[in-house]
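Shown next, in structure tokens, is the structure this report addresses.
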There are 2 protein chains.
Amino acid sequence: MSDPRSAPIGVFDSGLGGLTVARAIHARLPHERLLYVGDTARVPYGPKSPETVRRYALQIGSWLVEQGVKAIVVACNTATAHALDVLSDAMPVPVLGVVSPGATAAVRVTRTGSIGVIGTSGTIASGAYARAIMALAPTAVVHGVACPLFVPLIEEGMITHAATQLIASDYLRPLQSIGVDTVVLGCTHYPLLRQVIAAEMGPQVTLIDSAAETARVLAELLERFNLLATSLPEPAAGVQAMPIRVVASDAPEHFRRMAESFLDWPLDHVEHHVFT
Amino acid sequence: MSDPRSAPIGVFDSGLGGLTVARAIHARLPHERLLYVGDTARVPYGPKSPETVRRYALQIGSWLVEQGVKAIVVACNTATAHALDVLSDAMPVPVLGVVSPGATAAVRVTRTGSIGVIGTSGTIASGAYARAIMALAPTAVVHGVACPLFVPLIEEGMITHAATQLIASDYLRPLQSIGVDTVVLGCTHYPLLRQVIAAEMGPQVTLIDSAAETARVLAELLERFNLLATSLPEPAAGVQAMPIRVVASDAPEHFRRMAESFLDWPLDHVEHHVFT
């Protein structure tokens, strides 16, 4: 049997957003090989029912295990909210979501205990962040705001458009009125809108990037299980590319083009696989 | 065997948009019973590959035939563009899409032959409207513009928001510069944005509503096949409700609430069915 430490880390999302998590993992753990799945045939998960999201997550998790991953990162807030528990029970490898790392960081940095969480309608309605934060800090007050248009605006590249600023201003106004001192970016797409959100909230509010926090917790988890890779993956041909294998369940070439901006790294190829 | 004329008409879409077509059919053919499917477990179809959309359309079409429909309306521009041909070949009942009726109406009303078509990225990239229009009017010049944010803006109820006007202004500017005299609303959601689009394009431009045109062609088709219903469906309890049975492949209760604004009619119940 080969050294389990050299196995890849499985990372999945309904689409592109989880690539911000893959990028953060690579930044923190450059020795690790990544196997990324974007479930583009069934994106978005946000408006789908918990049962449906669980079924999809189990299908992808099982496939990642077949591919020999040493750990699974659920790089999707909706899938974490609905499916982390069943996935942790069903999979033979450690499973990490994005909610707990973001919640932990928010509790660490807040001074007033008044914490905002922004995300898709599904993530906010699930109450997953509020539960995770209040489990750590029972006196915290959590204000969730759904920002359903942020994902399509980001995916259309309208990051600096005046319409995006108007919509951000509308979405974030309640959090400003309340006077939260911390805002969790509870959607893996949102790091790409970080500047717009920061400008709207002002410098006195700390933004928590779930992607970076998840990479930090993953590093601790792998160390605890003695699963950290010990050497750099072999470069394919002299130049060191990001050691990532990317799989999409539909339209892989479109996904490849979009993925480059999320990874901020060129990507030669995206494989196609249908999950059933 | 019961009278085939009293069988329902099957109407399907990836989600809510096709309800504007169902509503237009009811307005023109109030005697007809409708069976509507919204494939909310797999919405949206726009960014999915032609093969995937064809697979989904065949699954839903087969189920509608099992339910005894006398005709199928593909009330989704993406599914019409990718799957109308295979569906027409595979189904034992007449199948009608939304592209041909919209294209026919555009050719009928244009004076200059300069026609704009707006739709999702998938519909515009498919070139289906341009082909359908130029088959009828080879000298017409068709200008397609993808408006990918219109659907999420409509589904968020932001129809009169300043951001929607800014985005509409950006999307439609090329059509204004070119000076088209006709614009086809090539997405079943867009009738809900009709006023914003009309204000942007100005009174000299005629907007073609594919939903209304599809209902008109359906009426002709049913008459030709001697399939028009001859009597009103029995009212359930005194008050005549819209004679429509609505099925969603995920989150039926959420779908029911949203569907009422698309139908402009109260809806008691949405059934749940998973298509495989």
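No hydrogens, no waters, no symmetry mates; every other heavy atom, side chains included, goes into these values. Residue numbers begin at 1 in each chain, while the letters A, B, ... track the order of the sequences. Computed from a predicted structure; not experimentally measured.
For CD of A:E271, the number of neighbouring non-hydrogen atoms (other residues, nucleotides, ligands) closer than 6.0 Å is greater than 12. For CG of B:D268, the number of neighbouring non-hydrogen atoms (other residues, nucleotides, ligands) closer than 6.0 Å is 12 at most.
Of the residues considered (B:V151, B:T164, B:D250), B:D250 shows the highest number of contacts with chain A, using heavy-atom pairs under 4.5 Å. Chosen from B:A162, B:P152, B:A251, the residue pairing most often with chain A at heavy-atom distances under 4.5 Å is B:P152. With chain A as the partner, the residue from B:R42, B:Q165, B:E155, B:H161 showing the most heavy-atom pairs under 4.5 Å is B:H161.
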- Begin from the C-alpha positions of B:L153 and A:I167 and carry the test side-chain contact (heavy atoms from CB on, under 4.5 Å) through to its verdict. CA-CA 10 Å; B:L153 287 164; A:I167 290 169; 4.3 Å; yes
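For A:P44 against B:V43, the heavy-atom pair with the smallest separation is CD-O, 3.4 Å. For B:T40 against A:K48, the heavy-atom pair with the smallest separation is O-CE, 3.7 Å.
If you measure heavy-atom distances from A:Y45 to chain B, you find no contacts under 4.5 Å at all.
The shortest distance between side-chain heavy atoms of B:E51 and A:V274 does not fall below 4.5 Å.
Atom OG of B:S121 and atom CD of A:E156 lie 5.5 Å apart (nearest 0.5 Å).
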